[in-house]
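Following: one structure in structure tokens, then a few remarks.
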There are 2 protein chains.
Amino acid sequence: MSMDHVFAALADPTRREIIDRLRGGDKTAGELAEPLPISRSAVSQHLKVLEAAGLITRSKSAQQRIVALNADALTEATDWLQAAHDEWQQRFDNLDRILAEEVPADTSTTDPSTADRTAD
Amino acid sequence: MSMDHVFAALADPTRREIIDRLRGGDKTAGELAEPLPISRSAVSQHLKVLEAAGLITRSKSAQQRIVALNADALTEATDWLQAAHDEWQQRFDNLDRILAEEVPADTSTTDPSTADRTAD
DNA sequence: AGTGTATTGTAGTAATCACTTAATTAAGGG
DNA sequence: CCCTTAATTAAGTGATTACTACAATACACT
């Protein structure tokens, strides 16, 4: 249930579409496959990838397989992405503020682009 | 700058480590490569992938290349992930509430998982 | 049991990936 | 100019991916 598998699973547009569709409620494998331009076998393999990543769970009901979303695997990835995004955005906001105030404020981070390189 | 490329870029642990490290401030390609157990060539190729995904920008300073993060590409992916995660979580919360109240409430969504399973 | 339906497993294939080593470009300094 | 440093590109390799068609499994209905 590593982030590797979660992000790799999300990198495929077909799998993201499956997840998008699943947000509207649980579906069978057949319902998910129906509008897709690929074989049912291919869909089944995509579901296996999503299951391995922990993004969905599958259960049986007669011949049909019920596919349901699972939030747990997504939490870690969402948190990581959110943290990176927020900090980024904050850095840009800081930069905007610095530029706006025209203060030579130090960034205090290890930022080689600000280091004065006199000579080596 | 598609989500395909962004998620694919994030699926590799080396590239996530690069991004994590870059959150502390801009770095040169050499600084990024130094603690990694792979060749500089490999790091350069990872940076190319990250740049193609729009996650970083590269600029020249003498012989060195300065690597910087770029929030824009991440926004779309973060939003998608957050939306899926939130809706998911909400569905679970609803389920918790229904179970807590012991109401047989129908979920009203196309949810075949409520179909009774007699025997396997 | 025998048939139809829903789904998954199994080759097999073309494309892509992550890595290596070796060659190449680009910028300074003697 | 030649050499060193910093980084990228090129070529090649083994592993993995996304798909297909075909076979196998599982269940329900008659």
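FYI, side chains are in, hydrogens and waters are out, and symmetry mates aren't considered; it's all heavy atoms of this structure.
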Side chain to side chain contact (heavy atoms under 4.5 Å, CB included) against B:T78, all qualifying residues, sequence neighbours excluded = A:L81, A:Q82, A:H85, B:L74

Only counting residues at least two apart or in another chain, list the ones meeting side chain to side chain contact (heavy atoms under 4.5 Å, CB included) with A:D79.
-> A:T75

Heavy-atom nearest nucleotide on DNA chain D taken for A:A62 and for A:A11; more 5' hit belongs to A:A11

Pairs involving residues 42-62 of chain B, ordered by first then second residue, that meet salt bridge (Lys or Arg N to Asp or Glu O under 4.0 Å) (sequence neighbours left out) | B:E51-B:R58

When you measure from every atom of DNA chain D, which of residues 12-20 of chain A have a heavy atom less than 4.0 Å away?
-> A:D12, A:R15

Any donor-acceptor N/O pair, B:R15 side chain to B:A9 backbone, under 3.5 Å = yes

Report the residues that fulfil salt bridge (Lys or Arg N to Asp or Glu O under 4.0 Å) with A:D20, sequence neighbours left out, ordered by chain and then residue number.
-> A:R23

Distance in angstrom units between [X] [atom1] and [N] [atom2], rounded:
{"X": "B:L36", "N": "C:dT20", "atom1": "CG", "atom2": "C1'", "result": "16 Å"}
{"X": "A:L50", "N": "D:dA18", "atom1": "CG", "atom2": "C1'", "result": "13 Å"}
{"X": "B:I38", "N": "C:dT21", "atom1": "CD1", "atom2": "P", "result": "12 Å"}
{"X": "B:K60", "N": "D:dA7", "atom1": "NZ", "atom2": "C1'", "result": "10 Å"}

Taking only N and O in the side chain of B:H46, is any of them less than 4.0 Å away from OP1 or OP2 of C:dC17?
-> no

Let me have the donor-acceptor pairs involving side chains of residues 32-43 of chain B, under 3.5 Å, with sequence neighbours excluded, atom names and distances please.
unit_1: B:S39; atom_1: OG; unit_2: B:A42; atom_2: N; d: 3.1
unit_1: B:S41; atom_1: OG; unit_2: B:Q45; atom_2: NE2; d: 3.4

Side chain to side chain donor-acceptor pair (under 3.5 Å) involving A:R16 - partner list, sequence neighbours excluded | B:D4

Partners passing side chain to side chain donor-acceptor pair (under 3.5 Å) against A:Q63 (at least two apart in sequence or in another chain) | none

Protein-to-nucleotide contact annotation, 5' to 3' order, nucleotides 4-16 of chain C [B base; S sugar-phosphate only; - none; under 4.0 Å, heavy atom] | BBSSBBB------

